[in-house]
Amino acid sequence: MSEITLAKSYSPSEHEPSVLARWSSANCFHASPTDSGEPYSIFIPPPNVTAALHLGHALNNTLQDVLIRVARMRGMNAMWMPGTDHAGIATQSVVEKRLAAQGKRRTDFSREEFVAKVQEWKDEYESTILAQLKEMGASCDEKRTRFTMDPVCTAAVREAFFLLFQDGLIERGKRIVNWDPVSQTAIADDEVEMEEVDGFFYYLRYPLEDGSGHVTVATTRPETMLGDTAVGVNPRDPRAAGLRGKRVRLPIVDRIIPIVEDDYVVMPVALGGDPADGKSLFASGFLKVTPAHDPNDWELGRRHGLPAINVMAPDASMSDRHGWTDVSPAAQAFVGLSREAARIAIVEWFKKAGLLESVKPYRHSVGHGSRSHVPIEPYLSDQWYVRVTDARLSTSALRAMDPAQFDGSRSGLAGEARDGDGGLKFFPTRYAKTFQHWHEGIRDWCISRQLWWGHRIPVWSKSFDAATAPAAGTWSAQGAAEMRRTLPDGQLELFVCLPESLDATLAPALAAIGFVQDADVLDTWFSSALWPMSTLGWPNSGRFEMDGMLDTFNPSAVLSTAREIITLWVSRMVMFNRYFLNGRLPFRHVFIHCIVQDGFGQKMSKSLANGVDPRDIIATHGADAMRFVLTQMSTATQDVRLPVDVLCPFTQESFAPKTITTDVGHVVAAPVQSCPTDLGRGDLGRKMVSAYGYASGSAVPTADMPLARNTSSRFDAGRNFATKLWNASRFALAQLGTATPSSDSPPAVVPVALADRWILARFARAVDGINGSLAEYQFNPVADALYDFVWRDFCDWYLEAIKPTVKNDPVQQAVLRGVLDGILRIMHPVMPFVTEVLWTPVSAIATAPVRGLELPTSPLAATSRWPTPDASLNDARAIESFERVQSLVIAIRNVRGERQVNDRRKIVLHAPKEVLAIVAEGGGAVETLAGIDRVEAIGASPRPADAVAFPFMGSELCASALVDAVDVGAERKRLEQTIVDRVRVIGGFEGKLSNAGYLAKARPEVIEQTRQMLGEAQADLVAARRALDVLSTMV
RNA sequence: GGGCGCUUAGCUCAGCUGGCUAGAGCACUGCCCUUACAUGGCAGGUGUCACAGGUUCGAAUCCUGUAGCGCUCACCA
């Protein structure tokens, strides 16, 4: 056996690229339907191509990688599908922002030109993202990488849309949508974020037509009054009767509008309104009704047959070109104003006209675009909807839920029992509720987006005079799907939806007779919802050479994602997968991971520049360190705070930055930081620009004042752990360098030494624990179990204990080799790089196998088998015995530590019979670990004058030869402290045991344990008191 | 306003179905550069488990309430 030498410490950057190259050339992450093993698949939540991956992605992908690597090692046919999402609005808006910086707009280009520009952005970030995934060690099936606008995904989108259209689950409707005036598109409910803003309630007087007075309406949005078509009053309002039949002359516009009675209108408290309803405190009892600019007014308008007058353009400026025809000369002055300017101008007008009754400040939440961050305009427009309220979709999603996680009874849910019912489980379970409640209150899903970047809606339309319209079925007979509706002007509007296969033939034919394809694209989530199907070739796997993929890898094992995705994505995948695949689930488990926040509990965001770039952590700490710490941070109940440090560009030291509070109350790094470290090179006090300073533009980096990157010292623990494993392996390899097996296939050894039996038992328990935690998606205990076993058990105890013996003990060498091999395997999913590097030298060592520890060889750690230690290795007696050894060692070290005995000094232990038995049981471990030269039976020889007594498990022990002279005073103090402590503890135990209720009701073994502990504590007390007496005689 | 969480050591967090003297990492103190590792070793101090009630022989753990924080859904009269 040749000597194996490793560098003194592990250098991630030196090894990571070659490890990646080895995995890549072994092609070991590629899975195919014909591979052996039970299928186990995970679909990556495709990251948006808007930006590089952040720490949240790193967390989610690390956890997925842990799962997929373990599955692969268990011999399953493991497939992790990677890819990216085109993220319609988000990507289009970042590109538009970039153009705006050059003074250009989207409309300066043709649709094709603009899409090409977005495509460039996409290409850049897609490759960045895929490279990042690779760098962090994600074992994705790289060859299957998808993008949501790939032809294979597009084919699925086309098919899904066509089928839903054909089945009547897609409809066209004029409704109030959430309109984003910046991106000028409709967005879905869940793309709207509520933000608290300080606004005002304006009380406006509307004169009655007959001149008999006025009514006062209350509004927060006076600018919409131009579109009012009624005033509402509650029929129970005492004033209602007197106003019945009267009409109002709308100021400015001079429109005559009716007063309608509707229960929806909230009455003021003074007139009997419910004070619990916040609105009643501000209500005047009269509601201005603006059907085109308020969803509730729209509904009210429908109930009363009111017209809807849209007074705004798509950019939310006041406009007479989108449905407003009765523009009075007075109103003309407001046309063209922005909604903000119009609000001011209209209030001013009312004031001048004496019609402004009052203004009250009012704090309320207003919907803002999640991308644009401007207030959403409720806007009347024609959009495409998926009728997710249909039982075939929403109820199907509810039926998918595990009955045990369902809140209430599932029995009332419509539909016949189907494959997949009840098969969907959430981890942690409480998130099932989010899923359930979302579907119980679900609303139709607006899927059209007025964007250029995305899947174009495959519908062609044209209006006809009812008399000349083509007969129904004209196009469905040719394989298309059609729909028609009558417009208010009596015209008939025909919609023809084409499957992809008819694009070449029917599309030109439709165009030839004046049909036009819908200009809009689909909501991004429409294609995301199909991700677990589209990436596997649905609906036509043969076309993309993916035979067998869909049936092998769908359903996937688990979807790992963040909370807010439950409604945005999980729901839609469940509904679509079940709808198109006859009830089949897209995944069996949904795992919701925690959110990484900064040290002040704030979300990490670009604007606060409080994020940490995974690439920076990989560069400074290594991918393994990042992965380990992220795994350790993944707790089930709490989001986790990651204090963000600044990496000083001068010293490369990290430090906690000085912070400031922004005017909206965010805590951020001060724009300019100064170097706090003095390395004697004059760096102390040198200035640098923080990430926040750069992002906010409040400080500009220069050569003298460079940009400092964010980092976090939390990742140090991972780096240290990798180094520890590296050095432990290095040591073990040195011990095993001389190992020579007795034959080519030596018989399995059965260890007898306590330390060996103990470490094997601990290993078996560690593996059990890890298996159990993984099954529940509890990652923090996995990391802790690894850390405890490797660092505490293996390094601190086992390696130290076997140092004197291992070189000459082939059985012990076999154990050491076996456990180290096992460690590399169980560590591999979390720390794949360092384990892969160590795998080569460790697997080159030949020793006999250990009975019960089967570890089949493998060229790579990545393809090795997950250990399945035999139950016989879990030796409870070995663990008990070794724990006694540990207690004894700790007691002796404690004495040494207090006296500051040099580690190299060997001492003499004087102990009674029971303790001598423990020492003997340890087989030398006590002597090695506690630095003992000689053990003597207490009383066998006269007690040495320098002996120091200390209690241990009810016995009195002595240590001698500790120091050259005893400090009696210090000794007395120590013993007195021990006595005080023991008395306190004894009091606690006696209290319990003198409690009749405790004796009567507590479990017998608990009582017995208490008695035992009391006995030991009492004996310790006696021993300490006796030692104190002995000490007194010495003075 | 509805729902879901959280509050344990200076910091970041574990503590499952109530029962060892409440733990880990970091930070801190002392000693040690002992031939795997100073990105290290040994030892050590540190907590009215947010607060108030209740259930129980026994509560960090279960129940109720209060306060603070976070997320989420709804609400833009």
Side-chain angles (χ1 to χ4, degrees), chain A residues 6 8-10 189-190 194 197 199 201 217-221 265-266 276-284 286-288 294-296 362 364-367 375-376 378 428 430-431 433-434 437-438 441 563-564 566-567 595 597 599 601-603 621 625 629 632-633 635 637-643 713-714 716-717 719-735 776 778 780-781 784 787-788 795-796 799-800 803 890 893-898 900-904 931 981 984-985 988-989 992 995-1003 1005-1007 1009-1010 1012-1013 1017:
Chain A
L6 297 177
K8 209 173 165 187
S9 69
Y10 173 62
D189 293 339
D190 38 43
M194 304 311 285
V197 297
F201 250 112
V217 297
T219 180
T220 55
R221 304 188 57 213
V265 181
V266 175
D277 182 349
K279 287 174 187 166
S280 64
L281 301 170
F282 286 89
S284 69
F286 295 102
L287 175 70
K288 62 188 276 304
D294 183 290
N296 296 311
Y362 181 55
H364 61 155
S365 38
V366 174
I376 289 305
R430 63 177 181 276
Y431 293 113
K433 232 177 214 176
T434 309
H437 292 161
W438 164 260
R563 276 195 291 273
E564 71 268 20
I566 297 170
T567 52
I595 306 284
Q597 304 165 331
Q602 306 166 125
K603 259 191 183 166
H621 292 73
V629 171
Q632 198 176 33
M633 289 193 323
T635 61
T637 50
Q638 285 221 110
D639 287 335
V640 85
R641 291 181 179 200
L642 184 85
S713 56
R714 282 291 298 276
D716 294 354
R719 185 192 52 194
N720 298 352
F721 191 31
T723 303
K724 188 72 181 178
L725 175 64
W726 177 267
N727 278 298
S729 305
R730 199 158 69 94
F731 171 73
L733 289 167
Q735 306 306 305
E776 298 292 322
Q778 293 174 347
N780 162 335
D784 285 347
Y787 187 92
D788 285 345
C795 294
D796 289 351
L799 290 184
E800 294 301 329
K803 270 181 180 175
I890 288 168
R893 281 177 176 173
N894 189 329
V895 172
R896 294 180 64 123
E898 275 172 350
Q900 305 196 339
V901 177
N902 188 295
D903 287 356
R904 270 170 298 183
D981 177 64
R984 182 182 63 85
V985 168
F989 290 142
K992 273 190 174 184
N995 181 330
Y998 178 73
L999 295 174
K1001 297 187 184 173
R1003 285 202 311 276
E1005 60 268 30
V1006 172
I1007 298 174
Q1009 213 168 19
T1010 308
Q1012 207 176 323
M1013 288 187 299

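Just so we're on the same page: letters track the sequence lines, and every chain starts at 1.
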Think [X] has a side-chain N or O under 4.0 angstrom from the OP1 or OP2 of [N]?
X: T220(A); N: C76(B); result: no
X: K433(A); N: G3(B); result: no
X: K803(A); N: A36(B); result: yes

At what distance, to the nearest 0.5 angstrom, does [atom1] of [X] lie from [atom2] of [Y]?
X: N720(A); Y: H621(A); atom1: CG; atom2: NE2; answer: 8.0 Å
X: R730(A); Y: T723(A); atom1: CZ; atom2: OG1; answer: 11.0 Å
X: N894(A); Y: I890(A); atom1: CG; atom2: CD1; answer: 9.0 Å
X: K724(A); Y: D796(A); atom1: NZ; atom2: CG; answer: 5.5 Å
X: L287(A); Y: D294(A); atom1: CG; atom2: CG; answer: 8.0 Å

Selection from [options] that lies nearest to any side-chain heavy atom of [X]:
X: T567(A); options: C73(B), C76(B), C71(B); result: C73(B)
X: N727(A); options: A36(B), C73(B), A77(B); result: A36(B)
X: K8(A); options: A77(B), C37(B), U34(B); result: C37(B)
X: S9(A); options: A36(B), U39(B), A77(B); result: U39(B)
X: Y787(A); options: G25(B), A77(B), C76(B); result: G25(B)
X: V266(A); options: C76(B), A36(B), A77(B); result: A77(B)

Q. How far apart are the C-alpha atoms of Q735(A) and K803(A), what are their side-chain angles, what is the distance that settles it, and do they pass the side-chain contact (heavy atoms from CB on, under 4.5 Å) test?
A. CA-CA 9 Å; Q735(A) 306 306 305; K803(A) 270 181 180 175; over 6 Å; no

Could you check how far [atom1] of [X] sits from [atom2] of [N], rounded to whole Å?
X: R904(A); N: U35(B); atom1: CZ; atom2: C1'; answer: 11 Å
X: K603(A); N: C71(B); atom1: NZ; atom2: C1'; answer: 8 Å
X: D716(A); N: A38(B); atom1: CG; atom2: C1'; answer: 14 Å
X: Y431(A); N: C73(B); atom1: OH; atom2: P; answer: 13 Å
X: R730(A); N: U39(B); atom1: CZ; atom2: P; answer: 14 Å
X: Q602(A); N: C69(B); atom1: CD; atom2: P; answer: 14 Å
X: N296(A); N: A74(B); atom1: CG; atom2: P; answer: 13 Å
X: R719(A); N: C26(B); atom1: CZ; atom2: P; answer: 12 Å

(Q) Under a 3.5 Å distance rule, please check whether R896(A) uses its side chain to pair with a backbone N or O of G931(A) as donor and acceptor. (A)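 Yes, the answer is positive, given that a donor and an acceptor are paired below the 3.5 Å cut-off.
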
Taking [M] as the reference, what is the distance to [N] when you measure between their [atom1] atoms (whole Å, please)?
N: U61(B); M: A74(B); atom1: P; result: 35 Å
N: G15(B); M: U8(B); atom1: P; result: 14 Å
N: G23(B); M: U64(B); atom1: C1'; result: 29 Å
N: C63(B); M: U55(B); atom1: C1'; result: 7 Å
N: A24(B); M: C71(B); atom1: C1'; result: 27 Å
N: C49(B); M: C4(B); atom1: C1'; result: 22 Å
N: G10(B); M: G47(B); atom1: C1'; result: 11 Å
N: A50(B); M: C6(B); atom1: P; result: 12 Å

Using Watson-Crick or G-U wobble geometry with both distances below 3.5 Å, tell me the partner of [N], or none.
N: G1(B); value: C73(B)
N: G30(B); value: C42(B)
N: G23(B); value: C13(B)
N: C51(B); value: G65(B)

(Q) List the residues meeting ring pair (Phe, Tyr, Trp, His ring centres under 6.0 Å) with F731(A), not counting sequence neighbours, and say none if there are none. (A)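 Residues passing ring pair (Phe, Tyr, Trp, His ring centres under 6.0 Å) with F731(A): none at all.
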
(Q) Do Y431(A) and I566(A) have side chains that approach each other closer than 4.5 Å (heavy atoms only, starting at C-beta)? (A)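 A side-chain contact under 4.5 Å exists here.
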
Q) Under 4.0 angstrom, heavy atoms only, what part of the nucleic acid is A218(A) near: base, sugar-phosphate, or nothing? A)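 Touches sugar-phosphate only.
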
Q: Scan Y10(A) against the nucleic acid and name what it touches under 4.0 Å (heavy atoms): base, sugar-phosphate only, or nothing.
A: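 Nothing: the residue Y10(A), judged by heavy atoms under 4.0 Å, touches no strand.
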
Q: Assign the ring pair Y362(A) / F201(A) to parallel, tilted or perpendicular, where the plane angle (0 to 90°) is split at 30° and 60°.
A: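 Because their plane-to-plane angle lies in the 30° to 60° range, the rings of Y362(A) and F201(A) count as tilted.
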
(Q) Within the 4.0 Å limit for protein heavy atoms, which parts of nucleotides 9-18 of chain B are touched? Write it as a string from 5' to 3', B for base, S for sugar-phosphate only, - for none. (A) ---SSS----

Q. How would nucleotides 40-46 of chain B be written as a contact map, 5' to 3', with B for base contact, S for sugar-phosphate-only contact and - for no contact, using protein heavy atoms under 4.0 Å?
A. SBSSS--

Q.
I need the minimum non-hydrogen distance between D639(A) and R563(A), along with the two atoms involved.
A.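 Closest approach of D639(A) to R563(A): OD2-NH2, 2.7 Å.
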
Q: Could you pull out the closest heavy-atom pair between K288(A) and T219(A), with the gap in Å?
A: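 Taking every non-hydrogen atom into account, CD-CB, 3.5 Å.
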
